[in-house]
Amino acid sequence: MGALAKLYRWPLTLLNDLYQFTMAYGYWTSGTAEHEAVFHLSFRSNPFGGGFSLACGLAYAIEWLNEFHFAEDDLAYLADLRAADGSRLFDAEFIEHLRGLSLACDVDALPEGTVVFANEPLVRVRGPLLQCQLLETPLLNLINFQSLIATKAARVCLAAQGEPVLEFGLRRAQGIDGGVAASRAAYVGGCAGTSNVLAGRLFGIPVKGTHAHSWIMSFDSELKSFRAYAEALPENCTFLVDTYDTLEGVRRAIEIGRWLRSRGHEMAGIRLDSGDLARLSSEARRILDEAGFERAAIVGSNELDEHAIAELKMQGAKVNVWGVGTRLATGWDQPAMSGVYKLSAIRAPGAEWKYKIKLSEQAEKGSTPGIQQVRRFRSGERFVADAIYDEELGIVDECVIVGEDRKQTRLSAGTPHENLLLPIFRGGQQVYDPPALDAIRAHAQRQLAALDPAVRRLEDPRPYPVGLEQRLHELKRRLIGEARGALT
């Protein structure tokens, strides 16, 4: 059996960091494994210097959680791990405990495609402390990357101003999972299709593609290569025109386009993959229109991202389909989401909740206590503010939100609102049916449309009002004071 076959099989419960298992072992030996705990998955700042993020990856997380158990070969591997002195890292009794372990947690989460902001929980996990701890790394792995790429895709699509964006990043993506997950997340974020055929098969994403320079170079002339491609695929002819001389390539594409038209077919368009795309697309558009190919698309590629697209549109580029690869599928300018998973409350059987807080020399690395929920307020179809509140403390109708800068936002009683975290698992059993991917994508578009344009803009976005409900803010301040006092 090869390495890939060994890796991609269920269960994937060992998709984890070792310290999750050593902590789980510590909980088990100290008698706290069954204490009830609450953890929240959030992120510290919106990526790419933007004003929003898109939640993505929940369907992967649901699939992983449904397969949460330890196979015999997994247990054998854990049983054979060694400590620094050569002794077995885990007792045999602990391995037996893992053998009988089945998921018993409650999991709440934002639906995929939901707009989310820094410090808001995307996922809340409540259940036995040992189990909650073992879910940290997998949930972060499955949620962080897809949320990052969905957010990047949304920004790229906003820059394209409604023109189709195609995700072409597989060849530069970080491995198989990176490529497939990126294609899925990019579609959620608004891309119209992908070059990734496996992602097309797995998720039903439209697959798109033309040909490469190697196709053209394999023939004696560019014209012959275009003719051969048209003969093979007369209904799928978008010609790559920049192998030798771009504008001459456009004219040769037109020649084959006329040949196609004489046989009842239509050239779909041309693709520009190098050079000054603003100038070349304008010239290509003129040549195509004068030749009677007004409906032929001009596909632009070549290291594009939201900033390059926005600049090209400002320069009057006539590109009307955008192929975006490396800088989308890899999250080029921010390779990771700042996702974290923090303990916020714990209680022994029959005891009261003890709210927990983490302090730090860096304010942004501190945590928020409580059993958190997010309430989003609306005015008409527009989002106006989000309040993070504690379900035990509750939230009043006339809500006061305190932001990170202590600036207050007041919402009058009766302001329309909705709670964002939905039940996904109860007692380890799935209670939520994930929507189809097209429905998730449509939800994301509605969410983005409900943001103030100033929050959506690519540069210097206006901060969206989000913070702690006043009573949770006061609780957090009190716990910070108590924790600092305990250190003196």
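Computation of the quantities below employed the complete heavy-atom set of this structure, encompassing side-chain atoms and omitting hydrogens, waters and symmetry-equivalent molecules.
- Judged by distance alone, the side chain of Glu34 and the main-chain N or O of Leu130 form no donor-acceptor pair under 3.5 Å.
- Two residues are said to be in side-chain contact when any heavy atoms from C-beta on lie closer than 4.5 Å; Pro461 and Val455 fail this criterion.
- Applying the side-chain hydrogen bond (donor to acceptor under 3.5 Å, both in side chains) test to pairs two or more places apart or on separate chains, those with a residue in residues 166-189 are Glu112-Arg184, Gln146-Arg184, Glu167-Ser183, Glu167-Thr194, Arg172-Glu303, Arg172-Thr326, Ser183-Thr194, Ser183-Asn196, Tyr187-Asp438.
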Could you go through Phe90 and His97, starting from their C-alpha distance and side-chain angles, then the distance that decides it, and tell me whether this counts as side-chain contact (heavy atoms from CB on, under 4.5 Å)?
CA-CA 11 Å; Phe90 303 122; His97 179 75; over 6 Å; no

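- Side chain of Thr29 to main chain of Gly26: a donor-acceptor pair is present (N/O by atom type, distance under 3.5 Å, no hydrogens or angles).
- Other residues, nucleotides and ligands contribute at most 12 non-hydrogen atoms within 6.0 Å of the NZ atom of Lys407.
- Taking all atoms of both residues into account, the shortest heavy-atom contact from Arg9 to Asp73 is NH2-OD2, 3.4 Å.
- Closest approach of Gly178 to Ala173, counting heavy atoms only: C-CB, 4.0 Å.
- Considering all non-hydrogen atoms of both residues, Ala154 and Leu448 come closest at CB-CD1, 3.9 Å.
- Within the 4.5 Å cutoff, the side chain of Val396 has heavy atoms near those of the Arg471 side chain.
- At distances below 3.5 Å, not a single donor-acceptor pair connects side-chain atoms of Ser338 with backbone N or O atoms of Phe43.
- Counting heavy atoms from C-beta outward, Leu122 and Ser53 have side chains that stay 4.5 Å or more apart.
- Contact of the Leu14 side chain with the Phe21 side chain is registered, since non-hydrogen atoms from C-beta on lie closer than 4.5 Å.
- Ion pairing between a basic and an acidic side chain is recognised when a charged N comes within 4.0 Å of a carboxylate O; Arg99 and Asp74 show no such pairing.
- Contact between Ala159 and Leu458 at its shortest, heavy atoms only, is CB-CD1, 3.9 Å.
- By the 4.5 Å heavy-atom criterion applied to side chains, His417 and Arg378 are not counted as neighbours.
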Apply side-chain contact (heavy atoms from CB on, under 4.5 Å) to the pair Asn119 and Val466, showing each step before the final yes or no.
CA-CA 9 Å; Asn119 301 311; Val466 58; over 6 Å; no

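- Although no hydrogens or angles enter the test, the distance criterion places no donor-acceptor pair under 3.5 Å between the side chain of Arg462 and the main chain of Gly51.
- Just one of Lys152, Arg327, Lys313 meets the salt bridge (Lys or Arg N to Asp or Glu O under 4.0 Å) condition when paired with Glu306; it is Lys152.
- One distance of note links CZ of Phe383 with CZ of Phe377; it measures 13.0 Å at 0.5 Å rounding.
- Scanning all heavy atoms of the two residues, the minimum distance from Gly370 to Ser344 falls at O-OG, 2.6 Å.
- Contact check for Val321 versus Thr238: no side-chain heavy atoms found under the 4.5 Å cut-off.
- Separation of atoms SG (Cys105) and CG (Leu129) is listed at 10.0 Å; rounding is to 0.5 Å.
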Which atom pairs, one a donor and one an acceptor, fall under 3.5 Å between side chains of residues 427-436 and the rest of the protein, sequence neighbours left out?
from: Gln430; atom 1: OE1; to: Asn66; atom 2: ND2; distance (Å): 2.6
from: Gln430; atom 1: NE2; to: Tyr432; atom 2: O; distance (Å): 2.6

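- Other residues, nucleotides and ligands contribute at most 12 non-hydrogen atoms within 6.0 Å of the CD atom of Glu352.
- Under 3.5 Å, the side chains of Asp452 and Tyr464 contain no donor-acceptor pair of N or O atoms.
- The aromatic rings of Trp28 and Phe94 sit tilted, their planes meeting at an angle between 30° and 60°.
- For the atom pair CD1 (Ile388) and CD (Gln373), the distance works out to 10.5 Å, reported to the nearest 0.5 Å.
- Side-chain contact check for Tyr389 and Asn419: at least one donor-acceptor pair (N or O, by modelled atom type) lies under 3.5 Å.
- In this structure, Leu135 CG and Phe39 CZ are separated by 9.0 Å, a value rounded to the nearest 0.5 Å.
- A salt bridge does not link Arg155 with Asp333: every distance from a Lys NZ or Arg NE/NH1/NH2 to an Asp or Glu carboxylate oxygen is 4.0 Å or more.
- Glu391 has a carboxylate O that lies under 4.0 Å from a charged side-chain N of Arg124, or vice versa, which qualifies the two as a salt bridge.
- Smallest separation of non-hydrogen atoms from Asn16 and Leu134: ND2-O, 2.8 Å.
- In this structure, the side chain of Ser301 does not engage the main chain of Gly323 through any donor-acceptor pair within 3.5 Å.
- To the nearest 0.5 Å, atoms CG (Asp397) and CD1 (Ile395) are separated by 9.0 Å.
- Judged by distance alone, the side chain of Gln20 and the main-chain N or O of Asp17 form no donor-acceptor pair under 3.5 Å.
- A salt bridge is absent between Glu474 and Arg478: the closest approach of a Lys/Arg side-chain nitrogen to an acidic carboxylate oxygen does not fall below 4.0 angstrom.
- Side chains of Leu411 and Val384 form a contact here, defined as non-hydrogen atoms less than 4.5 Å apart.
- Within a 6.0 Å radius of CZ in Arg477, other residues, nucleotides and ligands contribute 12 heavy atoms or fewer.
- Heavy-atom neighbours of Lys476 NZ from other residues, nucleotides or ligands within 6.0 Å: above the threshold of 12.
- Arg410 has its side chain out of reach of Cys399: every pair of non-hydrogen atoms, C-beta onward, lies at least 4.5 Å apart.
- For the atom pair Leu110 CG and Arg376 CZ, the distance stands at 7.0 Å (nearest 0.5 Å).
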One pair to check against side-chain contact (heavy atoms from CB on, under 4.5 Å): Tyr355 and Asp390. What are the steps and the verdict?
CA-CA 11 Å; Tyr355 283 175; Asp390 173 68; 2.9 Å; yes

Determine whether Thr137 and Leu15 satisfy the following criterion, side-chain contact (heavy atoms from CB on, under 4.5 Å), listing intermediate values before the conclusion.
CA-CA 8 Å; Thr137 298; Leu15 179 70; over 6 Å; no

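- Tyr60 and Trp64 have their aromatic ring centers separated by at least 6.0 angstrom.
- Judged by distance alone, with hydrogens and angles left aside, the side-chain atoms of Thr151 form a donor-acceptor pair with the main-chain N or O of Leu54 at under 3.5 Å.
- Residues satisfying the salt bridge (Lys or Arg N to Asp or Glu O under 4.0 Å) test with Glu235, not counting sequence neighbours, are none.
- Other residues, nucleotides and ligands place no more than 12 heavy atoms under 6.0 Å from the CZ atom of Arg406.
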